[in-house]
Amino acid sequence: MSKALAAALAKLSRADNGVLAGSSLTTAQRRAADDFARRTGAVALQRSGRGTVYRILQPAVVEQHWRHLSPDGLAFDGQSAPEDQPARAGHIGQFRDSKGGQHGHEHHYVLLKTTRPDLSWQNEQGEQVALGEQTRLQGAAALDVSLPTAWQCPGPLWLVENQALFDRTDWLPDDSASLIYYRGQLSRALLAWLQRLQIGGSLVFFPDYDGVGLSNYCRLHEALDPPPQFWLMPHWAKKLQRYGQPQLWKTQLDTWLSAEQYLRAHCSDPELMELLAQMKALGLALEQEAVWL
């Protein structure tokens with residue numbers, strides 16, 4: 001509520017003559033402004049034509065509450081945050097919370113490794129990352145995928161959703177590959193980076209077989225040309241029947257149904273279509289660690 005109220009008071013403070021159209025506020029901000037008006041009497045809600053407006057009656061009270069919620073009070077002081085100030089630091093000044101407002105980080109990193117000790121990646125400037133050596137020495141390497149640099153990956157590249165599959169690679173059908181570990185949702189920065197990436201082999205996607213995993217594959221399928229291969233573990237049908245999880249299926253059902261609609265319209269992989277049919281018939285999802293069972 002405090003974030004919504006802070007945002008509502010900020011908009012009120014910038015309004016001409018202290019009058020703001022109700023349509024300028026989000027639903028959460030309107031609820032916060034209505035509650036503030038009832039508690040303090042510093043703001044009035046009035047009819048205006050077919051809509052409503054908020055009118056400041058006691059500017060000093062509004063400013064006092066705004067400064068309490070937003071220590072820097074930039075909207076009142078007519079200031080702007082320093083250009084070199086990290087966004088999350090600015091959110092603390094505005095909302096007393098680093099996650100206030102749009103709280104994504106400017107930089108996005110991925111962990112990657114390879115099963116080949118001599119493998120190196122090269123960027124468009126000719127600079128190299130000795131991925132095999134870094135994997136041997138450190139266990140993995142990191143790249144900032146928010147940078148506009150284009151990289152070349154020799155050989156196949158696998159995207160895996162869970163750390164266990166990244167840590168231990170004896171499940172890989174190809175013993176000469178690079179791997180990237182992503183967690184949960186694929187970020188927009190990673191998708192954009194993959195669009196720039198030049199891969200010497202195939203791009204293979206191995207997620208959990210659930211709503212989130214299939215939704216991520218839809219995003220990859222739509223963003224990349226050609227789309228990546230969706231990898232199905234050996235004997236997946238038997239494993240789905242034996243180890244499948246009904247609760248995971250239920251909690252992600254809406255996401256799964258949306259992914260199914262997209263894939264049936266845009267994907268022609270018969271084995272993936274069979275996976276969709278089996279999951280739906282059984283009401284089960286399967287986590288990728290079942291590859292070792």
Side-chain angles (χ1 to χ4, degrees), residues 110-116 135 139-140 153 155-187 190-191 194 199 201-224 226-293:
V110 296
L111 290 176
L112 62 158
K113 66 190 302 182
T114 182
T115 56
R116 269 182 52 185
T135 301
C153 167
L157 174 64
W158 289 69
L159 298 178
V160 294
E161 181 175 350
N162 296 315
Q163 186 175 333
L165 281 290
F166 185 77
D167 292 341
R168 178 174 159 177
T169 59
D170 56 351
W171 57 270
L172 270 171
D174 187 337
D175 61 359
S176 178
S178 299
L179 296 92
I180 284 179
Y181 163 55
Y182 72 95
R183 182 180 178 182
Q185 293 287 354
L186 292 167
S187 69
L190 178 56
L191 286 173
L194 288 170
I199 305 174
S202 55
L203 176 61
V204 187
F205 185 62
F206 180 26
D208 289 333
Y209 303 156
D210 60 10
V212 171
L214 288 166
S215 176
N216 277 322
Y217 183 65
C218 293
R219 297 173 65 206
L220 284 166
H221 193 280
E222 189 171 27
L224 302 179
Q229 173 192 346
F230 187 101
W231 193 67
L232 288 162
M233 66 183 79
H235 313 297
W236 64 263
K238 292 181 180 179
K239 292 179 179 181
L240 178 67
Q241 286 185 324
R242 183 166 184 174
Y243 305 113
Q245 189 180 145
Q247 188 60 34
L248 183 58
W249 159 263
K250 291 177 183 177
T251 56
Q252 299 186 11
L253 181 56
D254 288 345
T255 306
W256 189 95
L257 290 171
S258 179
E260 179 199 30
Q261 183 178 13
Y262 173 89
L263 291 171
R264 292 201 179 279
H266 299 94
C267 181
S268 58
D269 182 346
E271 197 170 13
L272 179 54
M273 294 301 106
E274 181 60 24
L275 172 67
L276 295 176
Q278 290 291 326
M279 291 178 69
K280 196 170 190 177
L282 297 170
L284 296 172
L286 185 66
E287 295 177 288
Q288 51 176 192
E289 290 88 347
V291 70
W292 283 297
L293 298 175

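Leu214 is listed as a side-chain neighbour of Trp256, based on a closest heavy-atom distance under 4.5 Å. Considering only heavy atoms from C-beta on, Trp231 stays 4.5 Å or farther from Pro207 through its side chain. Looking at heavy atoms from C-beta onward, Leu111 lies out of side-chain contact with Ile180 at the 4.5 angstrom threshold. Using a 4.5 Å heavy-atom threshold, the side chains of Thr135 and Leu112 count as separate.
The two residues Leu220 and Pro228 make their nearest non-hydrogen contact at CB-CG, 3.8 Å. The minimum heavy-atom distance between Gly184 and Tyr182, with the atom names listed, is O-CE1, 3.1 Å. Counting all heavy atoms, side chain and backbone alike, Cys267 lies closest to Leu272 at SG-CD2, 3.9 Å. Across all non-hydrogen atoms, the minimal contact from Ala140 to Lys113 is CA-CB, 4.4 Å. Between Cys218 and Leu263 the shortest heavy-atom distance is SG-CG, 3.7 Å. Taking every heavy atom of both residues into account, Ala259 and Ser215 meet most closely at CB-N, 3.9 Å.
Within a 6.0 Å radius of CZ in Arg264, more than 12 heavy atoms belonging to other residues, nucleotides or ligands are found. Heavy-atom contacts from other residues, nucleotides or ligands closer than 6.0 Å to CD of Gln185 number more than 12.
For the side chain to side chain donor-acceptor pair (under 3.5 Å) test, no residue two or more places apart in sequence or in another chain qualifies with Asp254. Residues that satisfy the side chain to side chain contact (heavy atoms under 4.5 Å, CB included) test with Ala237, not counting sequence neighbours, are absent from this structure. Under the rule for a side chain to side chain contact (heavy atoms under 4.5 Å, CB included), the partners of Glu222 that lie at least two apart in sequence or sit in another chain are Tyr262. Partners of Arg116 under the side chain to side chain contact (heavy atoms under 4.5 Å, CB included) rule, at least two apart in sequence or in another chain, are Thr114, Asp118, Leu119, Ser176. Applying the side chain to side chain donor-acceptor pair (under 3.5 Å) criterion to Trp292, with sequence neighbours excluded, gives Asp170.
The line from CG of Leu293 to CE of Met233 is 8.5 Å long, rounded to the nearest 0.5 Å. Annotation: the span from Leu159 atom CG to Leu179 atom CG amounts to 9.0 Å, rounded to 0.5 Å. Interatomic distance, Phe206 CZ to Gln229 CD, rounded to the nearest 0.5 Å: 11.5 Å. In this structure, CG in Leu191 is found 8.0 Å from CG in Asn216, a value given to the nearest 0.5 Å. Separation of atoms CD (Glu289) and CG (Leu165) is listed at 6.0 Å; rounding is to 0.5 Å. Between the NZ atom in Lys250 and the CG atom in Leu284 there is a gap of 10.0 Å [rounded to 0.5 Å].
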Decide yes or no on side-chain contact (heavy atoms from CB on, under 4.5 Å) for Val212 and Asp208, but give the supporting numbers first.
CA-CA 8 Å; Val212 171; Asp208 289 333; over 6 Å; no
Please lay out, stage by stage, how Met279 and Leu286 fare under the test side-chain contact (heavy atoms from CB on, under 4.5 Å).
CA-CA 9 Å; Met279 291 178 69; Leu286 185 66; over 6 Å; no
Does Asp210 form a side-chain contact (heavy atoms from CB on, under 4.5 Å) with Trp249? I'd like the steps, not just the answer.
CA-CA 6 Å; Asp210 60 10; Trp249 159 263; over 6 Å; no
Any chance you could lay out the side-chain contact (heavy atoms from CB on, under 4.5 Å) test for Val110 and Leu190, step after step, and finish with the verdict?
CA-CA 8 Å; Val110 296; Leu190 178 56; 3.9 Å; yes
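Checked by atom type and distance alone, the side chain of Thr251 pairs as donor or acceptor with a backbone atom of Leu248 at under 3.5 Å. No donor-acceptor distance shorter than 3.5 angstrom exists from the side chain of Arg183 to the backbone of Glu161, with no hydrogens or angles considered.
Within the structure, side-chain hydrogen bond (donor to acceptor under 3.5 Å, both in side chains) pairs that include any residue of residues 265-280 comprise Trp236-Glu271, Glu260-Lys280, Glu274-Gln278 (at least two apart or interchain).
Using cut-offs of 30° and 60° for the angle between ring planes, the Tyr217 and His221 rings count as perpendicular.
When each of Tyr181, Trp171, Phe205, Phe166 is tested with Trp158 by the rule ring-ring contact (aromatic ring centres under 6.0 Å, His included), just one qualifies, namely Trp171.
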